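A, B, ... follow the sequence lines: proteins, then strands. Residue 1 opens every chain. Side chains are part of it too, since the values below use all heavy atoms of this structure and drop only hydrogens, waters and symmetry mates. Bear in mind the structure is a predicted one, so any value in this text is a computation, not a measurement.
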Amino acid sequence: MGNPSSDGDDYVEVVLSLVERIPWGRATTYGDLAEVVRERTGTGGPRQVGRVLSMHGGGVPWWRVVRADGRLPAHNEDAARQNHLAEGTAMLGPERVDLRTAGWDPHDSDSPNRP
DNA sequence: ACCTTGACCTTGG
DNA sequence: CCCAAGGCCAAGG
């Protein structure tokens with residue numbers, strides 16, 4: 001049943017809950033995340049995911065969400081880099097996550113993937 | 001209702 | 001690899 005409080009809050013909750021599930025040392029993209037969120041809430045896109053993280057990302061590992069090409073978030077690249085370094089995330093360059101290895105698909109949030 | 005902005009994506013040169 | 005253009009979705013002025 002729906003929580004009639006507000007759809008906007010629901011959207012935010014869905015995004016944050018998914019971001020919290022991204023495993024240590026892995027990463028996913030705004031686009032893939034938005035795709036799953038859209039299936040659950042019926043709305044939103046990559047930019048909306050970015051908006052949510054910019055406003056409410058303080059309590060979740062936001063640095064594990066990167067752009068489609070693996071580049072770090074466009075406003076906190078420095079902090080993101082430090083976190084990935086600490087997590088030992090597979091990187092291609094100093095500013096790019098290796099999604100081929102560290103990529104995590106929010107669709108398969110139940111099982112491990114991409115060894 | 002129109003226009004601008006933004007933690008985006010994809011394609012083409 | 002770098003750059004530009006068009007598309008996309010919602011919020012705020």
State, with a plain yes or no, whether a side-chain heavy atom of A:Val12 is found less than 4.5 Å away from one of A:His56.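 Heavy-atom side-chain distance check passes, below 4.5 Å.
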Less than 4.5 Å apart, any side-chain heavy atom of A:Ile22 and any of A:Val65?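 Side-chain contact under 4.5 Å: yes.
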Residues from [range] sitting under 4.0 Å of DNA chain B, heavy atoms only?
range	result
residues 49-63 of chain A	A:Gly50, A:Leu53, A:Ser54, A:Trp62
residues 81-91 of chain A	none
residues 38-47 of chain A	A:Pro46, A:Arg47

Where [X] and [Y] come nearest, the two heavy atoms and their spacing:
X	Y	value
A:Gly57	A:Trp62	O-CD1, 3.4 Å
A:Ala80	A:Pro73	CB-CD, 4.2 Å
A:Asp32	A:His107	O-CE1, 4.2 Å
A:Ala86	A:Trp24	O-CZ2, 3.9 Å

Write out all pairs satisfying salt bridge (Lys or Arg N to Asp or Glu O under 4.0 Å) with one or both partners inside residues 35-62 of chain A, taking only residues at least two apart or from two chains.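 Salt bridge (Lys or Arg N to Asp or Glu O under 4.0 Å) check on residues 35-62 of chain A returns no pairs.
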Salt bridge or not for A:Glu87 and A:Arg64, using N-O below 4.0 Å?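 Salt bridge: yes.
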Name the first nucleotide and the last nucleotide along DNA chain B (5' to 3') that come under 4.0 Å of a heavy atom in chain A.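 Both ends considered, the range comes out as B:dG6 to B:dT10.
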side-chain hydrogen bond (donor to acceptor under 3.5 Å, both in side chains) involving A:Thr89 - partner list, sequence neighbours excluded: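 Scan of A:Thr89 (side-chain hydrogen bond (donor to acceptor under 3.5 Å, both in side chains), adjacent residues dropped) gives A:His84.
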Stems in DNA chain B: runs of 3 or more consecutive Watson-Crick or G-U pairs, distances under 3.5 Å?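 Only these stems qualify: B:2-6 with C:9-13, B:8-13 with C:2-7.
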side-chain contact (heavy atoms from CB on, under 4.5 Å) against [X], all qualifying residues, sequence neighbours excluded:
X	result
A:Ser17	none
A:Glu77	A:Arg67, A:Leu72, A:Glu95
A:Glu13	none

What protein N or O atoms touch nucleotides 2-5 of chain C N or O atoms at under 3.5 angstrom, if any, and at what distances?
none

I'd like to know if the side chain of A:Thr28 and the backbone of A:Asp105 have a donor-acceptor N/O pair within less than 3.5 Å.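 No; judged by distance alone, with no hydrogens or angles, the pair does not exist.
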Between atom NE2 of A:His75 and atom CG of A:Leu53, what is the distance when rounded to the nearest 0.5 Å?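 Output value for this atom pair is 12.5 Å.
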Contact residues, residues 71-80 of chain A to DNA chain C [heavy atom, < 4.0 Å]: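 DNA chain C contact set from residues 71-80 of chain A: none.
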